[in-house]
Amino acid sequence: MSTRIAFLKGHGTENDFVIVPDPENAVDLPPAAVAALCDRRAGLGGDGLLHVVRSAAHPEARDMAAEAEWFMDYRNGDGSVAEMCGNGVRVFARYLQRAGLATEGDLAVATRGGVKRVHIAKGAGDGGSAAGDITVGMGRALLPEGDVEVGVGERSWPARNVNMGNPHAVAFVADLDHAGDLYTPPSHAPAGAYPDGVNVEFVVDRGPGHVAMRVHERGSGETRSCGTGACAVAVAAIRRDGAEPAVTGAPATYTVDVPGGTLVITERPDGEIEMTGPAVIVAEGEFDSAWLEGVRA
């Protein structure tokens, strides 16, 4: 017997997500089902899926339940599991606010990349375009040693290896068009640098403390925005520009333009990174569980 399953659609700087509220972790979402829901022609459409579960109800998050009531069980658009999604955390928080499960102010969200601290700013509406921006404490960046290189076609560039809870390769280029269509994953070397795949950012300068980027997200192709990628880009740019806060003693803030909008990234002297940007809920509805059963068959 089929049942109706609630969903919402939301985006953060046009990085868009299917949201499935499931507090008790009762909805089975295998990779094929997630990929079908995220399909832009035959499904609901999204760069990824936000499965909203109480931490205590999910085996991967139970040890975080005392610190964060809600777990962001994030999946890429192809159904694969991901450690973190910066834009996703903001949209996740906006959903909790809209559902009356969180209010303006501070909030903790459990992710596979650890507990993230979120601040929902005051604003009009319940998640529309006039709602206040959301700031996410993204933790500290890890900078694995060793040279890496990325390539598109016959071009290649040195890249900075930055881990924001998920892996990134940041390449500074002369023209964002050099990144190609970004639906085919850029090559990377050495092969062992990213055993689980990598998100690749291509970056150009726009002015002091201001860059623009395009990104290939593993499992999704080119997306309109990537929050962890914007953080990785800022970390790489800060070090390239000799402004590392741990050395200077002063925070460094970079504006990062993405195809879907603008994010503001700040790295503090203690290494903590904050990302601020919009998050919008655009629609909500239901789908029939029988459709998912057909996908699983």
Side-chain angles (χ1 to χ4, degrees), residues 1-12 14-65 68-102 107-113 116 118 126-128 131 166 217-221 223-224 227 279-297:
M1 183 176 178
S2 65
T3 58
R4 309 295 291 177
I5 298 175
F7 77 90
L8 299 91
K9 274 294 301 287
H11 77 91
E14 298 183 9
N15 193 189
D16 64 332
F17 308 95
V18 177
I19 305 162
V20 178
D22 182 24
E24 302 310 318
N25 198 25
V27 179
D28 184 24
L29 290 170
V34 173
L37 285 167
C38 291
D39 189 292
R40 296 194 181 279
R41 295 186 181 274
L44 301 174
D47 292 323
L49 183 141
L50 305 175
H51 185 205
V52 184
V53 185
R54 290 189 189 277
S55 297
H58 199 288
E60 293 183 70
R62 285 183 187 130
D63 62 349
M64 295 181 275
E69 180 179 3
W70 295 99
F71 174 54
M72 184 181 77
D73 175 18
Y74 180 69
R75 319 292 183 85
N76 294 314
D78 65 354
S80 59
V81 170
E83 302 91 340
M84 243 296 287
C85 176
N87 288 318
V89 173
R90 296 201 319 280
V91 175
F92 188 95
R94 183 70 80 208
Y95 162 73
L96 294 178
Q97 180 188 23
R98 181 187 178 97
L101 301 169
L107 170 70
V109 175
T111 77
R112 290 185 178 87
K116 303 302 177 185
V118 178
D126 61 356
N166 55 0
E217 287 197 64
R218 57 178 181 166
S220 298
T223 60
R224 300 282 293 170
V280 182
I281 303 298
V282 298
E284 59 183 309
E286 295 178 328
F287 61 89
D288 197 318
S289 64
W291 179 73
L292 273 191
E293 292 297 332
V295 169
R296 297 187 192 108

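In this structure, CD in Glu14 is found 4.5 Å from CZ in Arg224, a value given to the nearest 0.5 Å. Arg90 contributes atom CZ, which lies 10.0 Å from atom NE2 of His11 (distance to the nearest 0.5 angstrom). One distance of note links CD of Glu217 with OG1 of Thr223; it measures 3.5 Å at 0.5 Å rounding. The distance from atom CZ of Phe92 to atom OH of Tyr74, rounded to the nearest 0.5 Å, is 13.0 Å.
For the pair Glu284/Phe7, no side-chain contact is recorded, criterion being any heavy-atom separation below 4.5 Å from C-beta on. You'll find the side chain of Leu107 stays beyond 4.5 Å of the side chain of Gln97, heavy atoms only. Residues Val109 and Trp70 fail the side-chain proximity criterion, which asks for heavy atoms closer than 4.5 Å. Considering only heavy atoms from C-beta on, Lys116 comes within 4.5 Å of Met84 through its side chain. Two residues are said to be in side-chain contact when any heavy atoms from C-beta on lie closer than 4.5 Å; Cys38 and Phe17 fail this criterion. In this structure, the side chains of Ile19 and Ile281 come closer than 4.5 Å at one or more pairs of heavy atoms. The shortest distance between side-chain heavy atoms of Arg75 and Val81 falls below 4.5 Å. Between Asn15 and Cys85, the closest side-chain pair of non-hydrogen atoms falls below 4.5 Å.
Sorted by first and then second residue, the ring pair (Phe, Tyr, Trp, His ring centres under 6.0 Å) pairs with a member in residues 23-44 form an empty list; sequence neighbours excluded. The ring pair (Phe, Tyr, Trp, His ring centres under 6.0 Å) analysis of residues 25-61, with sequence neighbours excluded, yields the pairs His58-Phe71. Sorted by first and then second residue, the ring pair (Phe, Tyr, Trp, His ring centres under 6.0 Å) pairs involving residues 24-44 (not counting sequence neighbours) form an empty list.
Closest non-hydrogen pair, Gly45 versus Val18, comes out as O-CG2, 3.6 Å. Across all non-hydrogen atoms, the minimal contact from Pro59 to Asn25 is CD-ND2, 4.1 Å. Minimum heavy-atom separation, Leu292 to Asp28: CD1-O, 4.4 Å. Across Asn76 and Ser220, no two heavy atoms sit closer than the pair CB-OG, 4.1 Å. In terms of heavy-atom proximity, Val118 sits nearest to Ala93 at CG1-CB, 3.8 Å. Between Ala68 and Ala110, the shortest heavy-atom distance links the atoms CB-N, 3.6 Å.
Under the salt bridge (Lys or Arg N to Asp or Glu O under 4.0 Å) criterion, Asp16 pairs with Lys9, Arg40, sequence neighbours left out. By the side-chain contact (heavy atoms from CB on, under 4.5 Å) test, Ala6 is found to be paired with no residue, residues two or more places apart in sequence or in another chain being considered. Under the rule for a side chain to side chain donor-acceptor pair (under 3.5 Å), Arg62 has no partner lying at least two apart in sequence or in another chain. Ala290 pairs by the side-chain contact (heavy atoms from CB on, under 4.5 Å) definition with Ser2, Asp288, not counting sequence neighbours. Residues that satisfy the side chain to side chain donor-acceptor pair (under 3.5 Å) test with Arg112, not counting sequence neighbours, are Glu60, Asp73. With sequence neighbours excluded, the residues forming a side-chain contact (heavy atoms from CB on, under 4.5 Å) with Ala99 are Tyr95, Leu101, listed by chain and number. The side-chain contact (heavy atoms from CB on, under 4.5 Å) check on Pro31 picks up nothing, with sequence neighbours excluded. The side chain to side chain donor-acceptor pair (under 3.5 Å) search around Asp39 returns none, not counting sequence neighbours. Residues meeting the side chain to side chain donor-acceptor pair (under 3.5 Å) test with Thr111, sequence neighbours left out: none.
Of the residues Asp22, Leu96, Val20, the one that meets the side-chain contact (heavy atoms from CB on, under 4.5 Å) test with Val52 is Leu96.
Formation of a donor-acceptor pair under 3.5 Å by the Ser55 side chain with backbone atoms of Ala65 is not found in this model.
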